[in-house]
Amino acid sequence: MSLIITVSTSEGIIMASDSRATYDKTDCIDNHSIISHGVHFTNTAYKTFLCDNRIGISTCGSGNIRGKSIASHIENYINNEYSEHDTVEMTAQ
């Protein structure tokens, strides 16, 4: 479970999230996959990212895609694909 909080004030937008992540473990025994849920955890996962002064991204759910952390995917997007001229809609796509 993730806790993500976004607050809009007259001064700006505040975004925050927790940093705990839990991971599943998959073992193969006698050609059967056995999944143990929540056996590994960390308290240092990044779930909130700043693209620029206008756009922020928060994540929850799966912590990795194809063996690479979601934080790595988002940081790669921000550093290599995001443009300061992108809109919120373009960033979401």
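None of the values given here were measured: they were computed from a predicted structure.
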*Distance-only, no hydrogens or angles: does the D18 side chain make a donor-acceptor pair with backbone N or O of L3 under 3.5 Å?*
yes

*Checking R54 side chain against E84 main chain: does a donor-acceptor pair fall under 3.5 Å?*
yes

So, using side chain to side chain donor-acceptor pair (under 3.5 Å) as the criterion, who are the partners of [X] when residues are at least two apart?
{"X": "T48", "value": "S17, S58"}
{"X": "D30", "value": "none"}
{"X": "T44", "value": "T42"}

*asked:* Using the salt bridge (charged side-chain N to carboxylate O under 4.0 Å, His left out) criterion, which residues pair with D86? Sequence neighbours excluded.
replied: none

*asked:* With a 6.0 Å cut-off (strictly less than), is the heavy-atom count around CD of E81, excluding the residue itself, greater than 12?
replied: yes

*Please say whether more than 12 non-hydrogen atoms of neighbouring residues, nucleotides or ligands are located less than 6.0 Å from OH in Y82.*
yes

*Taking only residues two or more places apart in sequence, or in another chain, which ones meet S33 in a side-chain contact (heavy atoms from CB on, under 4.5 Å)?*
T26

Show which side-chain atoms of residues 71-78 pair as donor or acceptor with protein atoms under 3.5 Å away, not counting sequence neighbours.
from : atom 1 : to  : atom 2 : distance (Å)
S72  : OG     : S69 : OG     : 2.9
H73  : NE2    : I65 : O      : 3.3
N76  : OD1    : N80 : ND2    : 2.5

What's the spacing between [X] [atom1] and [Y] [atom2] if we round to 0.5 Å?
{"X": "S2", "Y": "R20", "atom1": "OG", "atom2": "CZ", "answer": "11.5 Å"}
{"X": "D27", "Y": "I34", "atom1": "CG", "atom2": "CD1", "answer": "6.5 Å"}
{"X": "I57", "Y": "L50", "atom1": "CD1", "atom2": "CG", "answer": "9.5 Å"}

*Test item: I13 and T6 side chains (from C-beta on) under 4.5 Å apart, heavy atoms*: yes

*Can you find a heavy atom in the side chain of D52 that is under 4.5 Å from one in the side chain of I55?*
yes

_How close do V7 and I5 get, counting heavy atoms only, and between which atoms?_
CG2-CG2, 3.9 Å

